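I have placed the structure first, in the form of structure tokens, so that the comments after it can refer back to it.
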Number of protein chains: 4
Amino acid sequence: MNIHSILNIFYGDSMIAEADIDVKSDKYNQILDAAIKVFAQNGFHNSTVSQIAKEAGVADGTIYLYFKNKDDILKEFFKYKTKLIFEGFRGEVEKAGNAVDKLRNLIHRHLGEFQNDINMAITFQSESRQCRRNGIQIDDITKMYLDIVGEIVEQGQMEGTIRKNMYASLVKRFILGAVDEVIHTWVHAGGRYDLLTMADPLVDLYLRGIGSARFVAEKNDTE
Amino acid sequence: MNIHSILNIFYGDSMIAEADIDVKSDKYNQILDAAIKVFAQNGFHNSTVSQIAKEAGVADGTIYLYFKNKDDILKEFFKYKTKLIFEGFRGEVEKAGNAVDKLRNLIHRHLGEFQNDINMAITFQSESRQCRRNGIQIDDITKMYLDIVGEIVEQGQMEGTIRKNMYASLVKRFILGAVDEVIHTWVHAGGRYDLLTMADPLVDLYLRGIGSARFVAEKNDTE
Amino acid sequence: MNIHSILNIFYGDSMIAEADIDVKSDKYNQILDAAIKVFAQNGFHNSTVSQIAKEAGVADGTIYLYFKNKDDILKEFFKYKTKLIFEGFRGEVEKAGNAVDKLRNLIHRHLGEFQNDINMAITFQSESRQCRRNGIQIDDITKMYLDIVGEIVEQGQMEGTIRKNMYASLVKRFILGAVDEVIHTWVHAGGRYDLLTMADPLVDLYLRGIGSARFVAEKNDTE
Amino acid sequence: MNIHSILNIFYGDSMIAEADIDVKSDKYNQILDAAIKVFAQNGFHNSTVSQIAKEAGVADGTIYLYFKNKDDILKEFFKYKTKLIFEGFRGEVEKAGNAVDKLRNLIHRHLGEFQNDINMAITFQSESRQCRRNGIQIDDITKMYLDIVGEIVEQGQMEGTIRKNMYASLVKRFILGAVDEVIHTWVHAGGRYDLLTMADPLVDLYLRGIGSARFVAEKNDTE
DNA sequence: CATGAATGAGCGTTCATTCAT
DNA sequence: GATGAATGAACGCTCATTCAT
């Protein structure tokens, strides 16, 4: 009698069923992790299913019990794995009260998560721009991220900490692009330094820009 | 009868050969342009040499008279074509006197060049992150770009228009990342709006950030 | 509760076991019927063991408790199922006294049995010509059939209703081929008409041929 | 200067073009012949593309320059090769005047062609019943054959040599089925006897049936 | 007996590259 | 230089078969 059976006695099947909705099997994650590692090393197109199978410690055919085809592995990476991470961002944001703290939390978490799993970071960086094949999944993730940022900016504008009269969409891209580039550079350097130290200076750049006080003051006069 | 034929009559092939040292032959460019177009449509890995040959109006084998192999076409794209464009950036920068104008010119030109050749833009966006295979070429380009930005920032700091005490490398990535993301979004939208209108607002964001005057002022006090 | 269960109560398994020597178990037939159905739909080579298992309502592995391998299912079909049917032909033939009635009975039963089980008919038609793999089984069946026909013809010749001086083997093929083609056409039409109505006209063709009375008479003069 | 160039001078391109419409390239026939041979030995499904390539003396990839895929080879066999043969039947039929001679010519030619190319015969016999995949091609051939037979029967009925009041479609199947079975038996025996000797006795069976004169006469009285 | 997850050999197909013309 | 037919290595994927439970 295992833990599941015991739980069944107390809670019945329905509870277990609910819990299982999003929990993938061990092999699924085993293969997915192996794939991300292999993709990180060789790029998606230069990776073979056999390499993934070997890395995962399963037979080639086993891959196809858990994924429709090679493309599907990448799709699932974006649909399931990175989506999971990006959804965690929202939770982190909600921990903070004001917009500036929310932005700071978001960037901290963003850099932290990517630093935690460099294979994920590499694969995300390398393959997310190949949007032709991956379909709508990446857009979803990007949109979710941009939405979080958008809400933060709006809140900040109401709080008076973020200035108004900016192209909303441009601001969001501006923030995403900068953090993305910072991660890209870190990945490119082999992850050999602490990515998290970039968080505060980056947020500082978002808020104050690179212009000097004098320069900014002048500009602000005309606003 | 074109100018080359005429010149041949007077000078013979040898002279032309000398002149060709850095100027690539017609067919070289013909094939490279075709390749970029095909890459833009299908991505590098989903493009075949035959497709490129057909698009260029040459036989498959002809490709191999001008390029070592398929990978080499992409390498040459980064080494020759985009490098050419990025070198143009430097000229544009030099036209301006102060750092702020230089930055503005750079961003204008950057967006302008990519808007001018959407196939180049798509291919650059899609394939430049696949650095594993392309070797050192892209790094060169990125480095050159970052160097230009670095020089501008330094000059601005001396001129007093750009604030000091920032991580130099972070600032450069910050600028590159934001413009890159803006281009990416434009490409993703199918190039259906005027990319150049993004230039001034973008430069504004670089210089002033998104923080309100009040917020920036407070921060500046502590600087 | 079926008859087997009742018998079990009185006699126990041992008696059943004896009786089962030639009677195949329920699951054996269950799987075989499912296989024939799947083969009829997809053809042998385009059918998978999994499809058969699903159709039979058993696990994939269970198939291998009753059959050596996939090929063996087809072999057993020819060895057991169709053989059973073809042996029934002999009984039908023996019900009649003279050769002509025997032939008529045979053709009636032949068409009737195939009409009764269109999956069997389709599979028999489609796969029986692939003799390379199925080995000797089909030959056995064909031989048995030809033997029956041969005996009828001999009897008819003795009775004076079937003419002599014909190639015995050719006559047998002639009869088999025609009925086979009639079934094939019916199968090809999706079994949408009553196959049995073809029996009498077919027997008529066997006996009288297609030549007119005048033509036949002339020929008979020279015999 | 080859024969084609010379002909061009006299006849121009149009004539060559016309002649080329149905003439397939050497390699096409080389591969098709090899495929039929391999199919004849192993059956379509148990043959590999590599086997065909080796038999044809070309590389695996070369197959795909002339055929869309493995299935297409079989399709082309039915569309091009056997169609060619079956169209030859019509020519043979037209050489004769009366229906009986036409039928005799048809059967002679039919047996002759199959005897000439046993690989074709085997493949045709084995694969033509697998109509699911091959699509409409085989039906076309069968229909063409049945049409020829149908015309002959009609003509014979008008000439008074073939009796009336028979199911037209049944008669046609009856003839096709019998000759097909005769070929099948010959193929099955490894083609070790002269198939052509079966032609006359077979036609005799078509016309007079197997009933004795007495039997036939009795029947004819009631007609 | 029954299961079905796991296996891995084997095949169809693609396509970068070569080379005889 | 230019061609494009031919090549064959390599890969994604299937599915008959096994075996631990």
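Chain A is the first sequence line, chain B the second, and so forth, proteins listed ahead of strands; every chain is numbered from 1. Keep in mind the model is a prediction, meaning the values are calculated, not measured.
Comparing Ile63(C) and Lys27(A), the nucleotide of DNA chain E nearest to each residue sits closer to the 5' end for Ile63(C).
Separating the CZ atom of Phe67(C) from the P atom of dA2(E) is a distance of 13 Å, rounded to the nearest angstrom. When rounded to the nearest whole Å, the span between CG of Asn42(D) and P of dG10(E) equals 15 Å. Rounded to a whole Å, the CG atom of Asp26(C) is 14 Å from the C1' atom of dC1(E). Distance CD (Gln51(A)) to P (dA10(F)): 12 Å, rounded to an integer number of Å. Here dA5(F) presents its C1' atom at 18 Å from OH of Tyr28(D), a figure rounded to the nearest Å. Spacing between atom NZ of Lys54(A) and atom C1' of dT7(E) amounts to 16 Å, rounded to whole angstrom units.
Between Ile63(A) and Ile73(A), the closest side-chain pair of non-hydrogen atoms falls below 4.5 Å.
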### Query
How does DNA chain F look in dot-bracket form if you count Watson-Crick and G-U pairs under 3.5 Å, write [ ] for pairs that cross, and put | where a base pairs with another strand?
.||||||||||||||||||||

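Summarising the geometry of Asn46(B) relative to Gln51(B), their closest heavy-atom pair is O-OE1, 3.9 Å, with the distance given to 0.1 Å.
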What nitrogen or oxygen pairs link the protein and nucleotides 12-15 of chain E at under 3.5 Å?
| from | atom 1 | to | atom 2 | distance (Å) |
| --- | --- | --- | --- | --- |
| dG12(E) | OP1 | Ser47(D) | O | 3.4 |
| dG12(E) | OP1 | Lys70(D) | NZ | 3.0 |
| dG12(E) | OP2 | Val49(D) | N | 2.9 |
| dT13(E) | OP2 | Tyr64(D) | OH | 2.8 |
| dT13(E) | OP2 | Lys70(D) | N | 2.9 |

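Cation-pi check for Lys70(B) over Tyr64(B) is not met; the charged atom does not lie both under 6.0 angstrom from the ring centroid and within 45 degrees of its normal.
With respect to Lys37(C) and Glu55(C), a salt bridge is recorded, a charged nitrogen being found less than 4.0 Å from a carboxylate O.
Listed by chain and residue number, nothing satisfies the ring pair (Phe, Tyr, Trp, His ring centres under 6.0 Å) test with Phe77(A) (two or more places apart in sequence, or in another chain).
A parallel orientation is assigned to the rings of His45(A) and His45(B), their planes being inclined by less than 30° (bins at 30° and 60°).
Considering Phe44(D), Phe124(D), Phe78(D) as possible partners of Phe39(D), the one that fulfils the ring pair (Phe, Tyr, Trp, His ring centres under 6.0 Å) test is Phe44(D).
Across all strands shown, Tyr66(D) has heavy atoms under 4.0 Å from sugar-phosphate atoms exclusively, and none from any base.
Using modelled atom types, one finds a donor on one side chain and an acceptor on the other under 3.5 Å when comparing Glu76(C) with Tyr28(C).
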### Message
Walk me through whether Asn119(C) and Val38(C) qualify under side-chain contact (heavy atoms from CB on, under 4.5 Å).
### Response
CA-CA 8 Å; Asn119(C) 288 328; Val38(C) 173; over 6 Å; no

